[in-house]
Amino acid sequence: MKALQKFWTPARTIGAIALVGTLALGACGASGVTSSGSSATSATAAVAAAGTNGDTTAPPTAADALASNAKASYVKDSDWKASDAVDVTLSGTTATSSSDAVSVSDGVLTISKAGVYKLSGSFTGKVVVAAGAEDQVVLILDNATITSSTGAAIEATSGDDLVLSLEGASTITDGTYTGTEDANAAIYADMDLTITGSGTLTVTSGASDAITSKDDLYVLSGTINATASDDGLRGKDSLTIAGGTVTVNSGGDALKSDQDNDDTKGYVNIADGTVTLTSGGDGIDAYTDAIVTGGTLSITSGGGASAGKPSTGSTKGIKAQTYIIVDGGTTTIDAGDDAIHSNGALRLSSGTITAASGDDGVHTEVAAVLDGATVTVTQSNEALEGGLITISDGTVDLTSSDDGINASGSITVEAGLAAVAESSSNTTSSDSTATATTQQMGPGGMADGGGSMEDTGEQLTITGGTVTVNANGDGLDSNGSLTISGGTTTVYGPASGANGALDSNGAMSITGGTVIAFATNEMVETPTTTDGQGWISASATGSAGSTVTITDANGSVLGTYTSLKAFGNVIYSTSGMTNGSTYTVSVDGTATEATAGQGGMGMGGQPPAGGPEQGGQPPAGGPEQGGQPPAGGQPPAGGPGQGGQPPAAPQG
């Protein structure tokens with residue numbers, strides 16, 4: 001039994017979309033904002049019971065996600081013997097073999113029985129495997145060259161398993177297609193396909209895919225160089241790379257799994273090996289999950305970040321509909337579109353990820369959990385975006401031209417489904433996952449002059465880890481609440497303009513950890529509560545390279561920092577600080593005193609009347625008066641499926 005339901009169901013039918021739409025509407029108030037409480041709870045339960053989704057508010061571990069998927073089928077090296085091989089000598093349009101299971105006619109070499117066959121020489125034509133339904137066929141490619149003038153060069157039409165074992169250097173090239181063939185790849189298997197061995201396989205498709213299995217495609221070992229006008233490697237049910245060296249240059253997606261009628265399939269798993277992908281489309285495109293647990297993965301999609309987001313099509317680095325989970329390995333992405341993009345949820349638990357993007361660095365529609373990976377985004381529009389963002393561990397270093405971290409998206413399972421369905425049907429934003437059930441602010445918050453300052457329930461929560469943000473828009477931005485209770489957070493916000501280091505439409509609190517935030521003084525937001533750890537907001541001015549030292553009333557140094565940018569305001573909080581006490585912020589020797597728990601909300605760093613001077617609390621009025629969002633705008637105490645607090649880090 002599966003431990004988790006998946007994001008999309010076996011049938012992407014109108015009925016399923018209607019169910020999602022009905023439930024999403026049921027979870028919305030009159031204003032269109034997703035509501036909380038029992039209605040959202042019952043809606044989430046109903047969707048889950050219908051089998052239309054996974055819990056995208058709490059992404060699982062890699063091990064749990066893989067366990068919940070259908071197990072990939074492959075043939076182990078120990079399941080067959082090379083010594084049992086029958087020689088097949090290729091020569092022009094013919095071939096010779098002692099086996100009665102091998103026949104040649106009109107440039108078609110057919111293998112009709114189970115067994116191990118060793119192909120060597122050059123063949124102009126097509127190799128067809130047409131064995132019994134339970135048969136396992138192993139083709140040892142021993143310095144073999146197979147070139148087809150029409151369609152696939154190796155086509156396995158019947159059998160249980162096909163194994164390609166690589167010896168020496170072999171080359172496979174397909175021909176032209178009419179467009180009506182089922183076999184639409186240079187190597188095509190209508191069964192499970194395993195690739196293994198110590199040799200090199202070069203596959204070229206000038207008109208379609210390089211390697212396709214209609215079931216599971218599993219790479220155990222060997223060196224594969226695939227060039228394709230469309231997709232590189234495609235395993236319809238699943239695609240697993242467990243070892244070897246795989247290099248793909250594709251006009252379409254480089255690695256793909258697209259089974260859409262079974263929510264336990266349609267996944268891509270990189271477990272080991274060295275994988276280098278250059279794609280005109282997405283680097284990895286998984287209909288359900290994309291899971292990286294090891295190996296070295298390098299992706300360049302859509303010409304890289306310098307090419308920018310395309311006006312049509314998708315050029316994402318890693319894309320999945322349900323979960324993207326990274327728990328090991330080294331991943332480098334240079335993407336024209338989002339570097340990492342999940343229409344459901346993502347979890348980055350371990351390993352090293354370095355990404356440059358022409359759009360978002362890391363994007364998810366619902367939940368993003370960063371609980372141990374080292375994540376570096378060197379270029380992006382927005383570096384990290386999602387509806388429910390939790391950072392509990394790891395090292396996160398983000399650079400963006402707009403917001404560094406933006407809690408903007410869906411906060412419930414059903415809202416995420418509705419948002420993706422809406423964006424899929426909207427031709428003007430076919431690759432977008434903008435939330436359909438909430439009105440989100442535009443990039444840069446108030447500076448855009450559009451959108452709403454209403455608290456729509458999103459959550460940005462930092463409980464641990466080391467987080468560094470260098471943003472030209474808001475540093476940390478939430479359309480709902482912003483909560484910091486642990487870790488070390490450094491924000492280099494905008495040097496000019498009406499954006500801030502910290503920005504939230506709802507409650508903001510710092511109750512633990514260390515926070516240092518530099519930004520312009522044109523828009524300064526501070527915590528909405530003085531409960532817990534003390535914090536200061538000082539109108540201190542400095543330049544890039546300025547040394548900033550914070551001391552307490554006794555002259556003890558709490559911290560010393562060097563700013564990367566010019567700034568007009570410093571927000572600081574660390575363990576031991578007490579609201580109501582006086583602290584000093586010195587910039588290159590120039591001192592500014594600040595009282596902890598007093599600061600400003602709104603433009604220019606000025607506190608609203610009756611606000612922070614009396615302990616830092618904003619007035620009771622709504623956001624338009626600089627105060628708390630209206631009742632009902634605050635996220636409820638319930639779990640994320642009900643629009644409440646996300647888990648500090650899902651257990652698993």
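- Looking only at atom types and distance, the side chain of Ser73 has a donor-acceptor partner in the side chain of Asp192 under 3.5 Å away.
- Using modelled atom types, one finds no donor on one side chain facing an acceptor on the other under 3.5 Å when comparing Gln136 with Asp161.
- How far CD1 of Ile270 is from OG1 of Thr274: 11.0 Å, rounded to the nearest 0.5 Å.
- Between atom CG of residue Leu66 and atom OH of residue Tyr323 there is a gap of 12.5 Å, rounded to the nearest 0.5 Å.
- Checked by atom type, the side-chain pair Thr240/Asn269 shows no donor-acceptor distance below 3.5 Å.
- Note that the OG1 atom of Thr194 and the NZ atom of Lys76 stand 11.5 Å from one another [nearest 0.5 Å].
- A donor-acceptor contact closer than 3.5 angstrom is absent between the side chains of Asp215 and Ser213.
- Counting only distance, with no hydrogens or angles, the side chain of Ser257 and the backbone of Lys236 share a donor-acceptor pair below 3.5 Å.
- Checked by atom type and distance alone, the side chain of Arg347 never pairs as donor or acceptor with a backbone atom of Ile325 at under 3.5 Å.
- Not one N or O on the side chain of Ser205 forms a donor-acceptor pair closer than 3.5 Å with the backbone of Ala186.
- With Asp55 contributing its side chain and Thr57 its backbone, the two residues share a donor-acceptor pair below 3.5 Å.
- Inspection of the Ser221 and Thr196 side chains reveals an N or O donor paired with an N or O acceptor under 3.5 Å.
- A donor-acceptor contact shorter than 3.5 Å links the side chain of Ser342 to the backbone of Thr322.
- In this structure, CD1 on Ile224 lies 6.0 Å from CG on Leu233, to the nearest 0.5 angstrom.
- In this structure, a donor-acceptor pair under 3.5 Å is present between the side chains of Glu385 and Asn406.
- Side chain of Thr463 to backbone of Gly486: no donor-acceptor contact under 3.5 angstrom is found.
- A side-chain donor-acceptor contact under 3.5 Å links Asp262 and Thr264.
- Using a 4.5 Å heavy-atom threshold, the side chains of Val467 and Thr395 count as separate.
- Under 3.5 Å, the side chains of Asp338 and Ser357 contain no donor-acceptor pair of N or O atoms.
- A salt bridge between Asp282 and Lys316 is absent, with no side-chain N of the basic residue lying under 4.0 Å from a carboxylate O of the acidic one.
- Rounded to the nearest 0.5 Å, atoms CD1 (Ile241) and CD1 (Ile195) are 9.0 Å apart.
- Annotation: the span from Leu417 atom CG to Glu422 atom CD amounts to 13.5 Å, rounded to 0.5 Å.
- The side-chain hydrogen bond (donor to acceptor under 3.5 Å, both in side chains) test with Ser349 singles out one residue from Thr293, Asp327, Asp371, and that residue is Asp371.
- Salt bridge status for Asp258 with Arg234: present, with a side-chain N to carboxylate O gap under 4.0 Å.
- Side-chain contact, Glu458 with Thr456: a donor N or O sits under 3.5 Å from an acceptor N or O.
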